[in-house]
Amino acid sequence: MSNLSKEPSFLFGEDTIQYIQHAAATGLYDIRGLGAKRYLPSFDDLLFLAGSASRYPLEGYREKCTTTTVLGTRFAKKPIELKIPITIAGMSFGSLSANVKEALGLAATELGTSTTTGDGGMTSEERLSSKTLVYQCLPSRYGFNPDDVRRADAIELVIGQGAKPGGGGMLLGQKITARVAQMRTLPAGIDQRSACRHPDWTGPDDLTIKIQELREITDWQVPIYIKIGATRVFNDVKLAVHAGADVVVVDGMQGGTAATQKVFIEHVGVPTLVAVQQAVSALEEMNMKDKVQLIVSGGIRSGADVAKALAMGADAVSIGQGVLFALGCNSPTWIDHDGQHIDATEDYTKLETMPGFCHHCHTGKCPVGVTTQDEILEKRLIPEVGARRVKNYFKTLNMELTTIARACGKSNVHHLEREDLVALTVESAAMAHVPLAGTNWIPGLKEI
Amino acid sequence: MDNLARKNSDGKETLLFDLSQTTVRDMNQFLHHNLDKSNVSNIRIIHPDGAHSIAVGLEVPVNIEIEGHAGYFCAGMNKQANVTIKGNVGWSVAENIMSGMVRVKGYASECAGASGHGGTLIIERDASLRCGISMKGVDIIVGGSVGNFSAFMAQAGHLVVCGDAGDGLGDSIYEAIIYVRGKIKSLGADARIEPLTDEDHKVLAKLLALAGFKHDTKEFKRVASARQLYHWNADANQEY
């Protein structure tokens with residue numbers, strides 16, 4: 001028996017010591033892409049109570065279950081009608097290649113759902129490939145122009161992002177090609193800071209007038225969304241509704257980013273589970289549920305996650321990271337024109353990572369051609385191949401969603417309700433406002 | 001709609017909108033959809049009474065005169081139109097302007113010309129805080145002074161200030177150029193005063209002439225980016 005002492009410290013574990021020593025050696029904090037990697041309460045902590053004797057299930061393979069989703073019914077003359085309640089989240093051209101934006105547009109169009117622009121403006125590829133395109137109005141206003149406003153099917157005013165609420169953004173110089181720079185009216189190769197506040201309005205009263213301006217420019221035709229990063233969700237949703245939003249998008253802290261400080265990703269915001277509950281509570285208190293639609297994003301992965309978000313009161317979900325993984329992010333291979341899988345592990349090694357662990361979106365050296373502007377790497381993602389994979393992924397989610405809905409006796413996925421859910425932990429019961437499984441106890445609320 | 005048409009000497013028409021009788025929404029929709037098919041070259045808007053979003057999203061070469069004070073976002077996202085406000089304006093006049101010209105005869109409140117991509121914004125009196133914030137190619141010429149944090153993160157274009165500038169002028173500026181005739185209370189991060197080149201004198205003279213301001217270009221200082229923030233610098237200890 002060795003006498004070697006190996007008593008680990010919980011507070012100063014191996015990772016913590018490594019973090020401190022890296023900081024001590026470099027004086028730098030970590031910047032990375034994707035979302036929170038720490039444990040957080042999530043939809044995994046909820047379960048469905050399907051039909052049995054007291055509830056009547058629908059036949060899974062025979063009886064119809066509607067997934068049609070309408071967004072923007074409050075003021076817009078042309079609300080958006082989607083075939084499924086699963087949309088593609090805003091991701092910028094700059095962080096993603098033009099091929100990827102085209103792939104997302106093609107997939108969304110085939111699925112009958114929407115995709116969304118991002119910081120950096122609207123590319124011609126994504127407009128041409130997308131039947132329903134949501135145009136983001138971000139604080140940086142990079143590439144923002146009235147022609148694209150008029151070409152959009154909805155406008156999303158972005159106040160914050162779940163991965164970095166209050167944080168703005170930074171697209172590092174290595175991803176700023178001539179085209180990206182031209183769209184953003186800045187020199188190529190420099191780090192491009194995206195401001196954390198809008199340039200032309202500040203508080204919620206100004207936001208009301210800003211929305212009025214956008215409605216005037218678009219002749220009140222298209223829905224106006226407001227996207228918030230989940231922090232003080234209850235109050236923020238109320239302010240968004242007060243400001244005149246048709247749709248509120250709430251992005252929980254498990255949402256992804258192309259690049260930000262790790263300390264932001266892991267330590268700022270509230271989990272999506274909390275965000276949905278607070279957003280729905282705000283809408284209910286204002287008697288605006290079903291009048292203002294709610295889209296939830298931030299770590300949605302599966303049909304079960306979609307079903308749980310809808311049961312808690314969301315009208316739709318939006319997916320970013322899941323879409324990237326479907327495109328091949330963190331896959332050991334990329335797919336060529338002949339359908340052959342080409343090994344990319346060497347490129348992961350050059351980034352000092354490996355498939356399954358890569359979060360190096362900020363470097364622009366994505367081994368599978370997803371989060372890059374490199375003209376060689378971006379060819380690794382063929383739009384038609386990417387579109388097919390995203391379509392398959394969303395189709396799977398939708399089948400899972402309807403499977404659960406039918407089992408709960410719903411002929412429409414929007415009929416899923418909080419009463420269909422129970423929580424596995426005391427924390428998740430308190431956060432989601434659903435009873436702890438086997439009890440009628442919702443911590444923080446009176447007994448039901 | 002209760003708007004009166006009057007024939008001009010050139011055969012074109014001047015149209016009158018009375019905002020005490022017509023809503024901003026009805027007027028904007030007319031301006032968006034009916035102007036290019038009409039014989040109208042001039043629009044007069046009376047009784048604006050501080051209404052917001054007057055003449056936003058225009059994309060035709062028409063002359064518009066607003067007889068009085070306008071609210072927020074007046075002439076927002078303008079393309080091609082030539083808009084004159086014979087009064088003061090609220091926040092964010094000509095925000096995101098793409099082309100054309102917007103002239104404010106009075107004072108402008110905060111964020112004038114925010115994020116403007118092109119065209120010209122002329123403010124004959126003072127402009128408040130954050131004038132030219134995030135500007136991306138617009139030329140802004142201010143006859144009076146500008147408030148704090150003007151040209152914050154300004155990317156391209158020119159800001160001409162014939163009076164004084166407040167604190168933090170040109171903070172985090174990129175490729176935009178600022179010319180100031182009066183005092184500068186303080187410069188923002190990465191902004192510095194530089195000598196005017198021959199090209200600067202030409203550009204500035206042209207802009208002053210466009211605005212109708214008679215000043216000697218030699219009286220102006222040039223403020224531009226020192227380009228020390230173009231790449232994130234950890235050694236700066238965030239003290240920029």
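Protein chains get the first letters and strands the later ones, always in sequence-line order, with residue 1 at the start of each.
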Is the side chain of Gln228(B) donor-acceptor paired with the backbone N or O of Ala226(B) at a distance under 3.5 Å, no angle test? yes

How about Lys77(A): does its NZ atom have over 12 heavy atoms from other parts shown lying under 6.0 Å from it? yes

Okay, Ser140(A) and chain B: the region with an atom under 4.5 Å from a heavy atom over there is backbone

Contact origin within Arg193(A) toward chain B - heavy atom pairs under 4.5 Å: both

Among Trp201(A), Tyr142(A), Phe144(A), Trp220(A), who wins on heavy-atom pairs under 4.5 Å with chain B? Trp220(A)

Below 4.5 Å from any heavy atom of chain A, which atoms of His52(B) appear? Answer side chain, backbone, both or neither. both

Is any side-chain N of the basic residue among Arg130(B) and Glu110(B) closer than 4.0 Å to the acidic one's carboxylate O? yes

Taking only Lys NZ, Arg NE, NH1 and NH2, and the carboxylate oxygens of Asp or Glu, determine whether Lys136(B) and Glu95(B) approach each other closer than 4.0 Å. no

Hey, is Asp153(A) close enough to Lys78(A) for a salt bridge, meaning N to O under 4.0 Å? no

In sequence, state the C-alpha distance, the side-chain angles, and the governing distance for Thr353(A) and His359(A), and then conclude on side chain to side chain contact (heavy atoms under 4.5 Å, CB included). CA-CA 9 Å; Thr353(A) 186; His359(A) 52 218; over 6 Å; no

On a heavy-atom basis, which atom in Val138(B) and which in Gly118(B) lie closest, and how many Å separate them? CG2-O, 3.4 Å

Considering non-hydrogen atoms only, spot the tightest contact between Pro187(A) and Tyr230(B) and give its length. CG-CE2, 4.4 Å

Derivation of the side-chain hydrogen bond (donor to acceptor under 3.5 Å, both in side chains) call for His33(B) and Asp219(A): CA-CA 10 Å; His33(B) 302 292; Asp219(A) 297 324; 2.4 Å; yes

Is the number of heavy atoms from other residues, nucleotides or ligands within 6.0 Å of CZ (Arg151(A)) greater than 12? yes

Pick from Thr218(A), Leu214(A), Val149(A), Asp147(A) with the largest number of heavy-atom pairs that fall under 4.5 Å of chain B: Asp147(A)

Give the intermediate values and the outcome of side-chain hydrogen bond (donor to acceptor under 3.5 Å, both in side chains) for residues Ser38(B) and Asn34(B). CA-CA 6 Å; Ser38(B) 75; Asn34(B) 299 75; over 6 Å; no

Check whether more than 12 heavy atoms from other residues, nucleotides or ligands sit under 6.0 Å from atom CZ of Phe75(A), and answer yes or no. yes

Is any residue of residues 166-180 of chain B within less than 4.5 Å of chain A by heavy atoms, and which ones? Tyr174(B), Glu175(B)

With a 4.5 Å cut-off on heavy-atom pairs, point out which of Gly113(B), Gly71(B), Ser134(B), Gly57(B) contacts chain A the most. Gly57(B)

Listed by number, the residues in residues 81-93 of chain B that come under 4.5 Å of chain A (heavy atom to heavy atom) are Trp91(B), Ser92(B)

